[in-house]
Every structure is written in structure tokens, then in C-alpha cells.
Amino acid sequence: MRLLCLEGLTKRFSLQDLPALDNLSLQAGPGEIIALLGPSGSGKTTVLRLIAGFEKPDTGVVEIGGEIMANHKVFVPPEVRGVGMVFQEYALFPHLTVEDNIAFGLQQPDPLTRTQRVTGMLETVGLGPFARRYPHELSGGQQQRVALARALAPRPSVLLLDEPFSNLDTDLMAQMHQEVYTILRELGTTALFVTHDQEEAFMIADRVGILNQGRLEQFGGPEEIYHRPATRFVARFVGKADFLPGRVTAEGIETEVGYLPNTPKFPTGTRVEVMIRPDHIELIPDPMGSGMVLSRQFRGQDYLVAVQLPSGATIHSHQPSTLTFYPGHRAKVIARPTHVVAFLATKPWL
Ligand code: ATP
């Protein structure tokens, strides 16, 4: 069953510019957590605003819980869509206490029900002892929990979160990822959140949508997006990726780092570019090796080593911190991809 369904959404803010969103379709099931990932200006916030009802689509349909919220004839106003929102800046009311912030959006006329709902939410987000405090008396993480509780208190059918973690420092961010994930799962809330951060999207979401210039380039599970990127843009956006020229032969795809299985099943003779991630490149110290180390970048848990191949192409490899490679060293370069991702070649010199 699908709880949220976006079908063919297009939104153009001005006739001169490219559309902010171009024919976007995606669905979310009940309780599913979806991340929208993409560079600045790719249309992520516009998707949220169309779902919330802050914008009207030019074409396409927004459906929530089987009911049409927007199409070429219908436009349901934001306040009756049953959608909750958490903003990057939290947007808490500074003159209201934590409990009054949480109670703000509740419609229940019965004070007892309202109080019970607020108490329940305070408990869910672990802020019971802070109920009477004002936002300025809270830490960043606590403020975010209030924003989450306020958005969840009316029990929205869909929760939208716009870069909810970007104001937090690294430690707190990791803690809040876990907390928000646990709360959403506990309540079974369907959620769609926007982020620039690929790790964050992969950690929290059941499915991830990658946006590029208003188009959804791929929508799938985190592993699928990382290991089977549908386009070069996705491959590069969700992790380091090098592309090596290759030619399909009867023995497999011939590349500078050896033959790779032609599992994409291109016809013999096809010129391709094979995507290689640094995890899949092994380096063996060898003075006669074909690769020359160009640089090494310390990243804490490992090094990212750049190696130049005889053609001039550069390839990267993750190497343990016990590394013995320095710029100028030579190495044998072996590709050991767990699976092969290749695209038709675009460069004329291939
Ligand atoms: P960021 O990560 O920087 O927040 P985003 O992916 O959320 O970016 P959007 O805010 O959805 O991107 O914007 C998509 C495009 O639409 C951008 O080119 C932006 O300039 C344009 N845009 C967004 N809102 C408006 C508006 N109200 N009027 C005109 N153009 C707009």
C-alpha cells in the first residue's frame, strides 16, 4: 500500500529558468522513511513544499492516504493535509514553553486529551523534565526534539523534515540520527527528509531519491543506490567513483587494471566506462608496477591513495592506516569489484 504518492510533478517558478522540478514521481509506503538527496538547488525543498501545500504543482498529482491533495483541479490547503513539518531552524515559538510549543498545533478541544498527548510526546522525545523551560534554555539537540514532538503531536500521516540535522555538531548529529530514527520507527510515521549528506541519507532512510536539476535520477534502497548507481551523476554523488575506459571483448571488459566481468552484458566491441570505487582497488608494492602513487590523503580510519595509470587516468584506492605508499612509489593495481557497473562511453578518445 502507498501512503504518499507523487505522480509526474512539475514546478516552474519562472518561464526563463529550467523547472525546479521536472516530472517527478515517487511513492512511500506506511511507516517508510524516505530521504531526498541532491546538491543545492536540485529541487529538494520544492518537493516538500508541494507535499505540504505551500506550493501548487504546474502539473502532476500529490496524493496522501489515497486522497488527492493537489492536481490540475484540486488543491487541499496545507492545514488540512495532515502533514507535519520540521524545519532546519526548528522555528520554535520563543515565548512559549516546551509543553506549549508541543501543544500549539493540537486541535483537540478537550484539555485532558491535549495534556495527555503533550505528556506522551514529551516522554517519547525524552524531554519530560524540560516541559516548563523556554527554547533559549535548551541545547540544540533538545530544541530539535521539541520541534519533532511539536510536528508529531497532531499525529500527521506524513512528516516532512527539511535538513533537520544540519545545525548540529558532529557528535550530536550522530546521536540525533539514532534518536529521530527510533522515534519515527516507534510511532510508525511515514517521513520524508531532505539532506545534502549521503551518509545521513543512507543511515536513516529505507529508500533514497537522488535529485539533479529537478529530475529524480534514481529512487531505491541505500545499497542499490551506492552499488548500482543508475547514472554517472548518482555514482559520483553518493561516494568517490572513478571511471575507467574499457572495451568489451569475448573475455570480458578489457581495462587498464585487467579484465572485468561483462555482467552488464554489453555487446562485444562496445566502448564503455567502468565505475570503480576506492574500496575495490588493491595496491601491491611493486617497483615494476603500472601505477604510480600521486598522493595520499589521511582520513583517520584509512588513507585515500591516488594512483596514476599508464594512460594518464587517475584511480583511487582505500588503504589501511598502516600504509607504506608514498608519492612516487610504484604499485601493481588490481581491481576487485564485487560487481561491475559500466556506462556507454561518452569520450571520443575511447
Ligand atoms: P538547497 O539544498 O540549497 O536548499 P534545494 O535542493 O532544496 O536547494 P529548492 O529550494 O527546491 O532546491 O530550489 C530548486 C530551484 O528552484 C532553485 O533553482 C531555486 O532557485 C528555485 N526556487 C525555489 N523556490 C523559488 C521561488 N519561490 N521563486 C523562484 N525560484 C525558486
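Fair warning: this is a prediction, and the values are worked out from it, not measured in the lab. When a ligand or atom number is given, it counts from 1 through the structure's own listing order.
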*Min heavy-atom dist P39 to ligand 1 below 4.0 Å*: yes
*Could you list the atoms of ligand 1 found under 4.0 angstrom from a heavy atom of T46?*
9 (P), 11 (O), 13 (O), 14 (C)
*Can you tell me if G38 has a non-hydrogen atom under 4.0 Å from ligand 1?*
no
*Parallel, tilted or perpendicular for F104 and F93, by the 30°/60° rule?*
tilted
*Which is closest to atom 6 (O) of ligand 1 in terms of heavy atoms, E163, R49, K44, R12?*
K44
_Proximal ligand 1 atoms for H196, defined as those under 4.0 Å from one of its heavy atoms_ = 2 (O)
*Is a salt bridge present between E224 and R207, judged by a nitrogen-to-oxygen distance below 4.0 Å?*
no
*Less than 4.5 Å apart, any side-chain heavy atom of L36 and any of F193?*
no
*asked:* Please list the nearest protein heavy atom to atom 3 (O) of ligand 1 with its residue and the distance rounded to 0.1 Å.
replied: S40 OG, 2.6 Å
*asked:* For R232 and E273: C-alpha separation, side-chain torsions, deciding distance, then whether salt bridge (Lys or Arg N to Asp or Glu O under 4.0 Å) applies.
replied: CA-CA 10 Å; R232 288 177 178 77; E273 286 169 12; 2.9 Å; yes
*Should V62 and L9 be marked as a side-chain contact (heavy atoms from CB on, under 4.5 Å) after you check the CA-CA gap, both sets of side-chain angles, and the distance that decides it?*
CA-CA 8 Å; V62 176; L9 283 184; 3.9 Å; yes
*Heteroatom distance test (T45, ligand 1): nitrogen or oxygen, under 3.5 angstrom*: yes
*Return a yes/no value for A20: is any of its N or O atoms, backbone included, closer than 3.5 angstrom to an N or O of ligand 1?*
no
*Kindly identify the option in S14, G214, G41, P19 whose heavy atom sits closest to atom 5 (P) of ligand 1.*
G41
*How about L309 and T314: do any of their side-chain heavy atoms sit closer than 4.5 Å?*
no
*Is there a donor-acceptor pair under 3.5 Å between the side chain of R215 and the backbone N or O of I210?*
no
*For atom 12 (O) of ligand 1, which protein heavy atom lies nearest, and how many Å away is it?*
G43 N, 3.3 Å
*Backbone or side-chain N or O of F13 under 3.5 Å from ligand 1 N or O*: no
*Sub-4.0 Å protein heavy atom near atom 20 (O) of ligand 1*: no
*Please say which of H177, E179, R185 ends up in a side-chain hydrogen bond (donor to acceptor under 3.5 Å, both in side chains) with Y181.*
R185
